[in-house]
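When reading the values below, keep in mind they use all heavy atoms of this one structure, side chains included, and skip hydrogens, waters and symmetry mates.
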Amino acid sequence: MNYRELYEWGTDRLKDAGIAEASLDARLLLEEACGISRSDLLAHGDKPAAREQDEGYRNMIAKRKQHIPLQHILGYQEFMGLKFKVTPKVLIPRQDTETLVEEVMRYLRDGMHILDLCTGSGCILLSLLRYSNSCQGTGADLSKDALKVAGENAENLALEAEFVESDLFENIKGRYEIIVSNPPYIPSGEIPALMEEVREHDPLMALDGGEDGLFFYREIIKKADRYLYPEGMLFFEIGCDQGEAVKGLMEQAGYEEVTVSKDLSGLDRVVYGTKH
């Protein structure tokens, strides 16, 4: 088959399997398997694929038909213009989380100390370090496997960061101008209804936020002020219906100028405030 025929074949197979973005996924997998770009597919779609390219592509399509996430097949995900390694041991970086990074960057100054709780792949912390100067960053996670991936991402991006195995603040020392977290926030009872790619392939510990989804917000807010410098700021990603609840928790704990920000879809996505 040539590239165009393979692409059409893959698209049809993914549509039959109920993959929502079948044509996009089929194209991205073809580009990865054949080492081509979108423009190559458009301009040279009639070029025959080599046998190993054909076989590699068919294997990828077979995996995607099983609803294995595209990013796990590719082995990476782009986030904030950077490429991050991902595995089934870390939450796949989502575009929504770029809103969190962008909000932090509005207040980030050169030389600040940043703590990223529930760091996972390290995408939040490493993006902040890449787009600032002389900042120091610590990423904490309970998962050794996640910390290994985060460390590899730091190395791949030629960035220096400290990664600590820690149950939230358990093994954290020092103080920070900024604490940021995208904690697990899905209510336990809602997890069985999540799409298969998330429910079956993202790590449960990165999803489950307890009975009401707010467990980790309460725990972090309860202790964060001990690790913040005066005028330090705490930033959270939230579920789209959790803005007022998390804002209330922060205000009750004495945070001021507590703000709820929306993502590109117009949904509540970030809550942040200052500890005076």
Taking side chain as C-beta onward, heavy atoms only, is [X] less than 4.5 Å from [Y]?
| X | Y | value |
| --- | --- | --- |
| Met205 | Ser143 | yes |
| Leu74 | Leu29 | yes |
| Gln71 | Tyr76 | no |
| Leu159 | Arg130 | yes |
| Asn2 | His44 | no |
| Glu200 | Gln66 | no |
| Val90 | Pro203 | no |
| Val270 | Ile238 | no |

Give, for atom [atom1] of [X] and atom [atom2] of [Y], the distance between the pair rounded to the nearest 0.5 Å.
| X | Y | atom1 | atom2 | answer |
| --- | --- | --- | --- | --- |
| Ile19 | Leu24 | CD1 | CG | 12.0 Å |
| Ile92 | Thr97 | CD1 | OG1 | 11.5 Å |
| His72 | Ile68 | NE2 | CD1 | 9.5 Å |
| Leu234 | Asp225 | CG | CG | 9.5 Å |
| Cys34 | Leu6 | SG | CG | 6.0 Å |

Tyr7: what forms a ring-ring contact (aromatic ring centres under 6.0 Å, His included) with it, not counting sequence neighbours? none

Tell me every residue that passes ring-ring contact (aromatic ring centres under 6.0 Å, His included) with Tyr57, counting only those two or more places apart in sequence or in another chain.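 So Tyr57 forms no ring-ring contact (aromatic ring centres under 6.0 Å, His included) with any residue.
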
Which residue pairs pass the salt bridge (Lys or Arg N to Asp or Glu O under 4.0 Å) test when at least one of the two sits in [range], sequence neighbours left out?
| range | value |
| --- | --- |
| residues 101-111 | Glu103-Arg106 |
| residues 28-46 | Arg27-Glu31 |
| residues 169-191 | none |

Is there a chain of hydrophobic side chains (I, L, V, M, F, W, Y, each step under 4.5 Å between heavy atoms) that links [X] to [Y]?
| X | Y | answer |
| --- | --- | --- |
| Leu147 | Leu142 | no |
| Val180 | Tyr107 | yes |
| Phe84 | Ile114 | yes |
| Ile178 | Val271 | no |
| Phe163 | Ile179 | no |

With a 6.0 Å cut-off (strictly less than), is the heavy-atom count around [atom1] of [X], excluding the residue itself, greater than 12?
| X | atom1 | result |
| --- | --- | --- |
| Glu196 | CD | yes |
| Glu211 | CD | no |
| Leu42 | CG | yes |

Counting only N and O atoms by type, is there a donor-acceptor contact under 3.5 Å from the side chain of [X] to the main-chain atoms of [Y]?
| X | Y | value |
| --- | --- | --- |
| Thr87 | Lys89 | yes |
| Arg199 | Glu197 | no |
| Tyr131 | Val101 | no |
| Glu98 | Met80 | yes |
| Arg51 | Glu55 | no |
| His67 | Met195 | no |
| Lys275 | Ala253 | yes |
| Arg13 | Ile61 | no |

Across all chains, not counting sequence neighbours, the side-chain hydrogen bond (donor to acceptor under 3.5 Å, both in side chains) partners of Glu257 are His276

Partners passing side-chain hydrogen bond (donor to acceptor under 3.5 Å, both in side chains) against His201 (at least two apart in sequence or in another chain): none

For [X] against [Y], the heavy-atom pair lying closest together:
| X | Y | value |
| --- | --- | --- |
| Lys63 | Ile73 | CB-CD1, 3.8 Å |
| Leu14 | Ala26 | CD1-N, 3.8 Å |
| Ala17 | Lys65 | CB-O, 3.8 Å |
| Tyr229 | His113 | CE1-ND1, 4.5 Å |

Could you pull out all donor-acceptor pairs under 3.5 Å where a side-chain atom in residues 116-128 meets a protein atom, sequence neighbours excluded?
residue : atom : partner : partner atom : Å
Asp116  : OD2  : Thr119  : OG1          : 2.7
Ser121  : OG   : Cys123  : N            : 3.4
Ser127  : OG   : Cys123  : O            : 2.6

Could you check Phe79 against Gln95 for side-chain contact (heavy atoms from CB on, under 4.5 Å), going step by step and ending with a plain yes or no? CA-CA 7 Å; Phe79 180 84; Gln95 185 179 16; over 6 Å; no

Can you pull out every side-chain hydrogen bond (donor to acceptor under 3.5 Å, both in side chains) where at least one residue sits in residues 241-255? Sequence neighbours excluded, please. none

Quick one: side-chain contact (heavy atoms from CB on, under 4.5 Å) partners of Lys148, sequence neighbours excluded? Glu152

Do any side-chain atoms of residues 213-220 form donor-acceptor pairs under 3.5 angstrom with protein atoms, and if so which ones, sequence neighbours left out?
residue : atom : partner : partner atom : Å
Tyr217  : OH   : Glu237  : O            : 2.7
Arg218  : NH1  : Asp212  : OD1          : 3.4
Arg218  : NH1  : Asp212  : OD2          : 3.3
Arg218  : NH2  : Asp212  : OD2          : 2.5
Glu219  : OE2  : Lys222  : NZ           : 3.1

Kindly determine whether Arg64 and Leu70 satisfy side-chain contact (heavy atoms from CB on, under 4.5 Å), including the steps that lead there. CA-CA 7 Å; Arg64 189 69 187 100; Leu70 175 72; 4.1 Å; yes

Tyr227 and Phe169 aromatic centres sub-6.0 Å: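 For Tyr227 and Phe169, the ring centres are under 6.0 Å apart.
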
Under a plain distance cut-off of 3.5 Å, with no hydrogens placed, do Thr138 and Glu162 share a side-chain donor-acceptor pair? yes

Pairing residues for Lys262 by the salt bridge (Lys or Arg N to Asp or Glu O under 4.0 Å) criterion, not counting sequence neighbours: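 Lys262 satisfies salt bridge (Lys or Arg N to Asp or Glu O under 4.0 Å) with Asp268 once adjacent residues are dropped.
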
Quick one, Leu157 with Leu129, criterion side-chain contact (heavy atoms from CB on, under 4.5 Å). Give me CA distance, side-chain angles, the key distance, then yes/no. CA-CA 10 Å; Leu157 293 168; Leu129 293 177; over 6 Å; no

Worked verdict on Leu194 versus Leu207 for side-chain contact (heavy atoms from CB on, under 4.5 Å): CA-CA 10 Å; Leu194 296 174; Leu207 300 173; 4.3 Å; yes

Would Arg58 count as a cation-pi partner of Trp9, with NZ or CZ less than 6.0 Å from the six-membered ring centre and within 45° of the ring normal?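 Positive - Arg58 is close enough to the ring of Trp9 and near enough to its axis.
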
